[in-house]
2 protein chains.
Amino acid sequence: MSTPTLRDVAVAAGVHAATASRALNPATRGLVNTETARRVIRAAESLGYRPNPIARGLKTAKSGTIGVLIPDLTNPLFPPILRGIERTLEAAGYSALVVNTDNDQIREQGLVDSLLSRQVEGLIVATARIDHPLLVQLHQQGVVMVMVNRRPDGVDAPAVAPDDPAGVYLAVQHLTALGHRRIAHLGGPETTSTGVARARAFRAAIRDHGADEDPALTATCASWSEEAGADALRGLLDAGTDFTAIVAGNDLIALGCYDVFAERDIACPERMSVVGFNDMPFLDKLRPPLTTVGIPNQDIGAEAARMLLELLAQPHRPPLSVQFPLKLVVRGSTAPPPA
Amino acid sequence: MSTPTLRDVAVAAGVHAATASRALNPATRGLVNTETARRVIRAAESLGYRPNPIARGLKTAKSGTIGVLIPDLTNPLFPPILRGIERTLEAAGYSALVVNTDNDQIREQGLVDSLLSRQVEGLIVATARIDHPLLVQLHQQGVVMVMVNRRPDGVDAPAVAPDDPAGVYLAVQHLTALGHRRIAHLGGPETTSTGVARARAFRAAIRDHGADEDPALTATCASWSEEAGADALRGLLDAGTDFTAIVAGNDLIALGCYDVFAERDIACPERMSVVGFNDMPFLDKLRPPLTTVGIPNQDIGAEAARMLLELLAQPHRPPLSVQFPLKLVVRGSTAPPPA
DNA sequence: GTGAAAGCGCTAACAT
DNA sequence: ATGTTAGCGCTTTCAC
């Protein structure tokens with residue numbers, strides 16, 4: 001009385017299991033008599049037959065499953081990405097096996113092992129550090145993968161990422177248009193490619209807009225967190241550096257700035273402007289609402305999944321990477337500098 | 001040169017595949033000579049053998065996989081729950097197959113079909129509506145499941161949920177202690193058990209604390225969202241109802257109140273206090289920071305997973321439900337009523 | 001204690 | 001166009 005098997009369907013339709021298989025699979029249905037096919041399909045329906053992808057996978061060496069490596073699902077950046085991934089995979093009959101690595105290399109190793117032994121056909125990796133030996137190794141082993149947001153050195157896999165430089169450019173442009181000349185950057189960790197890329201883009205954008213190029217205006221945060229952002233800002237302030245605006249490496253770092261503003265009674269945006277990066281949810285509820293660079297995360301996820309599916313279909317395509325355009329979301333945390 | 005199979009290990013160790021299987025499985029290792037077992041294990045290690053759970057599953061009818069139904073991963077309530085689930089499953093050698101239902105019944109049906117055909121051993125369901133025919137049906141079919149947060153009528157599965165009445169009680173207690181007598185409730189939709197339970201608990205708490213029991217003080221939101229919360233509050237205000245504090249059905253609804261406060265120039269907390277429910281991230285960054293009832297979501301998820309595993313191990317256990325204690329997080333959105 | 005053999009549900013040659 | 005056979009990688013009787 002358990003779930004009916006292909007054999008049951010075949011018996012009910014009066015055919016051999018192989019024929020039933022062919023009839024049920026749209027790709028091979030052409031090989032079988034239309035009338036027989038209809039009969040098999042009807043039998044399958046009336047029995048409530050559902051194919052067992054596990055058994056199929058054992059035979060075809062395809063699991064219909066993609067592994068997704070996320071560092072921390074609690075970071076609001078990732079759920080929309082995952083959403084996009086799932087939608088796309090789902091439409092293609094694939095499922096996502098999602099794991100949280102907690103940015104822990106040991107954990108990651110174990111989780112990847114587990115994914116691989118579960119026969120995932122490919123990996124979508126949103127956890128890349130610049131130096132990422134595990135990924136290099138997997139890539140060499142021929143594991144098909146697509147990177148999201150970041151691409152480590154030495155891994156020649158396609159990546160889909162926001163166009164960070166363009167985003168930073170938008171932020172700096174906005175601030176200089178408001179009249180700011182001394183703009184600080186609170187960058188993400190130098191161990192992340194995102195951190196490095198945004199910092200580099202910041203320097204270029206400052207130059208392009210003719211603002212002050214002062215190395216003292218750049219600080220690096222120990223992590224992408226409020227605390228690290230607050231620490232970095234305190235450092236800048238304590239050093240006596242003079243500036244009227246901040247481009248934060250991401251929204252969390254910008255939130256850290258808010259903490260310091262409260263601590264030291266700095267009026268935002270009157271005395272200091274800040275721009276975040278990511279457009280996390282609920283930023284519009286802050287006081288002041290945070291001006292930030294918005295990233296189309298769901299689209300990015302969807303594109304990553306699309307690319308992976310394509311790569312699986314055509315293993316020898318050149319790995320093209322794509323960059324998504326960003327948009328500045330202007331809210332209340334930016335204003336002209338104090339006179 | 002692909003990944004080594006059990007047979008390869010067996011050959012390397014000079015034994016039969018069956019023996020290798022026994023040696024590698026801790027549960028059956030006792031059946032085999034200690035020395036042979038050691039040899040097999042060594043061979044497995046040196047070949048980098050990793051068992052194929054798919055093949056194992058085909059034989060044992062166990063996939064090592066649990067389906068998790070989430071309405072919307074973008075809702076910050078769910079990532080921590082999922083975190084707790086994954087941690088627990090992972091420790092037990094299980095993996096989670098996570099799907100977003102978008103609260104869409106058709107979609108949900110399809111996703112559940114897909115999970116079931118992927119042979120999930122059980123379901124953790126965080127999407128329950130009060131009336132949920134699909135779950136009733138699955139439950140009748142003997143699908144093992146555990147509910148998170150809500151339990152629909154007619155489904156006799158264990159549930160792990162926050163102790164909502166206790167949370168509402170804390171909120172009301174806090175407000176009455178501050179001196180509020182006329183307290184409004186902006187409840188969640190009546191189609192959700194959470195909405196109904198919290199509204200009921202609100203009335204009871206009001207009575208227990210001797211505050212005004214006025215039916216006009218209770219409104220129901222069309223959904224658990226900012227917009228719906230704002231709409232409900234506008235309705236109450238427009239009706240001329242008099243009150244000095246609000247217990248919102250959840251944080252999103254409370255955020256909707258903030259919008260209306262801004263719209264109508266109502267000072268919070270001076271003229272109106274609000275308490276949320278859930279303690280979403282970043283609530284402490286709002287102006288004013290939101291007082292809310294905190295829910296140990298990760299613990300809840302972990303417990304749900306634990307219960308499901310237990311249920312799988314002992315199918316005929318009585319379905320015990322558990323309720324998690326909540327704590328009030330007092331921030332800046334609550335103060336004594338205006339004099 | 002270990003090997004032989006069968007089979008989980010399905011699909012892909014191969015044969016008819 | 002359909003049936004036969006074999007086998008994916010593993011576990012589990014059942015013999016020995």
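In the text below, chain A, chain B and the rest are named by the order of the sequence lines, each starting its count at 1.
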Figure out the [atom1]/[atom2] separation between [X] and [N], and round it to whole Å.
X       : N       : atom1 : atom2 : value
N33(B)  : dG3(C)  : CG    : C1'   : 15 Å
N25(A)  : dC10(C) : CG    : C1'   : 11 Å
L6(A)   : dT11(C) : CG    : C1'   : 9 Å
I54(A)  : dG9(D)  : CD1   : P     : 15 Å
E35(B)  : dT2(C)  : CD    : P     : 10 Å
Q119(B) : dG9(C)  : CD    : P     : 9 Å
N52(A)  : dG7(C)  : CG    : P     : 18 Å
L31(B)  : dT12(D) : CG    : P     : 11 Å

State whether [X] and [Y] are salt-bridged, where the test is any N-O pair (Lys NZ or Arg NE/NH1/NH2 against Asp/Glu carboxylate O) under 4.0 Å.
X       : Y       : result
E90(B)  : R87(B)  : no
E45(B)  : R42(B)  : no
R306(A) : E303(A) : yes
R118(B) : D113(B) : no

A18(A) side-chain proximity, nearest of dT11(D), dA12(C), dT2(C):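 Within the option list, the nearest is dA12(C).
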Of the nucleotides dC10(D), dT2(C), dG3(C), which one has an atom closest to the side chain of H16(B)?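 Of the candidates, dG3(C) comes closest.
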Looking across every strand, which nucleic acid part, if any, lies under 4.0 Å from P53(B) by heavy atom: base, sugar-phosphate, or nothing?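 Result for P53(B) = nothing.
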Indicate, with a heavy-atom threshold strictly under 4.0 Å, whether T36(B) touches base, sugar-phosphate, or nothing. sugar-phosphate
Under 4.0 Å from OP1 or OP2 of [N]: is there any side-chain N or O of [X] that close?
X      : N       : result
R56(A) : dT11(C) : yes
T28(B) : dT11(D) : no
S21(B) : dT11(D) : yes
T60(B) : dT11(D) : no
T5(A)  : dC10(C) : yes

Both R22(B) and L58(A) contact DNA chain C. Taking the nearest nucleotide for each, which residue is further toward the 5' end?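 The 5'-side residue here is R22(B).
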Could a donor-acceptor pair under 3.5 angstrom be found where the side chain of K59(B) meets the base of dG9(D)?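 Absent.
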Main-chain N/O of A161(A) paired to N149(A) side chain as donor or acceptor, under 3.5 Å: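 Pair absent, no side-chain N/O of N149(A) close to backbone of A161(A).
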